[in-house]
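Reviewing the structure listed below.
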Amino acid sequence: MDLNQLGWNPHFETHFSPLRDDGMVPARVTREDRASYRLMAEDGVLTGAVSGRFRHQTTSLGEFPAVGDWVAARPHDGEPKATIHAVLPRMSAFRRNVAGARTEDQVLAANVDTVFLMTGLDGNFRLRRIERYLTLAYGSGAAPVVILSKADLCPEVEDRIAEVESIALDVPVHAISATEGSGLGELDQYLDPGRTVALLGSSGVGKSTLINALLGADLLGVQAVREADSRGRHTTTHRELVGLPGGALVIDTPGMRELSLWGEDATPDAAFADVETLARECRFADCAHRHEPGCAVQQAITDGTLEFERYDSYLRLQREAHRAEQRQRQKERMAERSVSKPERNREKRRTRRDRRQQARAVGGDG
Ligand code: GDP
Ligand code: ZN
């Protein structure tokens, strides 16, 4: 399998090249099953597990391989197995908090180029939910696209699209019906070979139906990346990455179906660029946009140029982001205390090296 068709690019090449001499191969994680990973490498499918050293040196759940990750793995002789030695720096990641002995971030999907934020045009249509999805998407690093599903059940599709466009600033909006097959052609632009998409949306919006429609009848093209079940239908029981007949890759993991996934990077600023622009006009730089004199945000609500519901949604998401950030800080403090000094120094050196490499990768990509 050609690595480019799996999403390989200069960013990963830059980070992988120092490891190549060590007998490692790059591979993409297509499925995660507890501690076992299915990997796609140039020479085919491998079953991988992380090395003892990796496990020992890894301090948080989020550093473990996730579906969509590119890893450096050393294949075993004579059997389709490999040991994973490193996870290459991610270009994007969807995380969620898992509460255990301490709150940790778990990565649900990595290296997603485009995220389809799906919401149904049936009775369950909510603009506020789309704002939440947009906030999550911007925090992940993937480019958001809003998909309004079940267009066949809605008599006012154009009005709905206009409403969504008014809150999803500069984000493409598409209405589709996966059961009737309408609007699917508009999605082709995100599905070039080697591009990775993920679907985010609550249960019942039609994510599986859309994936099945995109898979079409051509399951042969899929088998290289995943095995079809007996009925040849796509089912979501594991976290996995699926190849589409046209060459794009879809990440479909159960966790992506939940509404409340908060990564450390998710803040509503990008999803609410209109409110942020207004906020820059406030008299006080630290205006909380509640009762302060000279507040441009409150003024816009009075004028009717900013909807109160959108403002309210913004404040709520900001509070959530703030709480998530506090949890993250607390986690870092706890980690600091439990990590020894030599290890901390190693980590610092690693971070500096990563930054240098990232700077080079950015420069190299133009
Ligand atoms: P998921 O939970 O997001 O994966 O949703 P599913 O794909 O399982 O779909 C939930 C239900 O919605 C199923 O009964 C589908 O047949 C139905 N559904 C999905 N897409 C459409 C659509 O475009 N139009 C209509 N009318 N129903 C749809
Ligand atoms: Zn203000």
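All figures in this text were calculated on a predicted structure; none of them were measured in a lab. Order of listing sets the numbers, starting from 1, for every ligand and every atom in it. The figures here come from the full heavy-atom set of this structure, side chains too, leaving out hydrogens, waters and symmetry mates.
Taken from CG in Leu191 to CG in Asp113, the straight-line distance is 10.5 Å, to the nearest 0.5 Å. To the nearest 0.5 Å, the span separating CD on Glu186 from NE2 on His174 amounts to 5.5 Å. Note that CG of Leu249 is 9.0 Å distant from CD of Gln5, once rounded to the nearest 0.5 Å.
At least one N or O atom of Ala178, backbone or side chain, sits closer than 3.5 Å to an N or O atom of ligand 1. The shortest N or O to N or O distance between Gly204 and ligand 1 is under 3.5 Å. Polar contact with ligand 1: present for Gly206 (N/O pair, distance under 3.5 Å).
Contacts with ligand 1 closer than 4.0 Å are made by heavy atoms of both the backbone and the side chain of Thr209. Proximity of Thr179 to ligand 1, defined as any heavy-atom pair under 4.0 Å, is shared by backbone and side chain alike.
In this structure, His289 has its ring center no closer than 6.0 Å to that of Phe284. The six-membered or imidazole ring of Phe272 lies away from that of Tyr311, with a centre-to-centre distance of 6.0 Å or more.
Using a 4.5 Å cut-off on side-chain heavy atoms (C-beta onward), Val87 and Trp70 make no contact. The closest side-chain heavy-atom distance from Tyr133 to Met118 is not below 4.5 Å.
Atoms of ligand 1 lying under 4.0 Å from at least one heavy atom of Leu153, given by number and element, are 26 (N). Atoms of ligand 1 found under 4.0 Å from any heavy atom of Lys207, numbered from 1 in the order shown, are 1 (P), 3 (O), 4 (O), 5 (O), 7 (O).
The Zn ion (ligand 2) is the vertex of the angle joining SG of Cys282 and SG of Cys287, which measures 120° to the nearest 10°.
The minimum distance between the Zn ion (ligand 2) and any N, O or S atom of His289 involves atom ND1.
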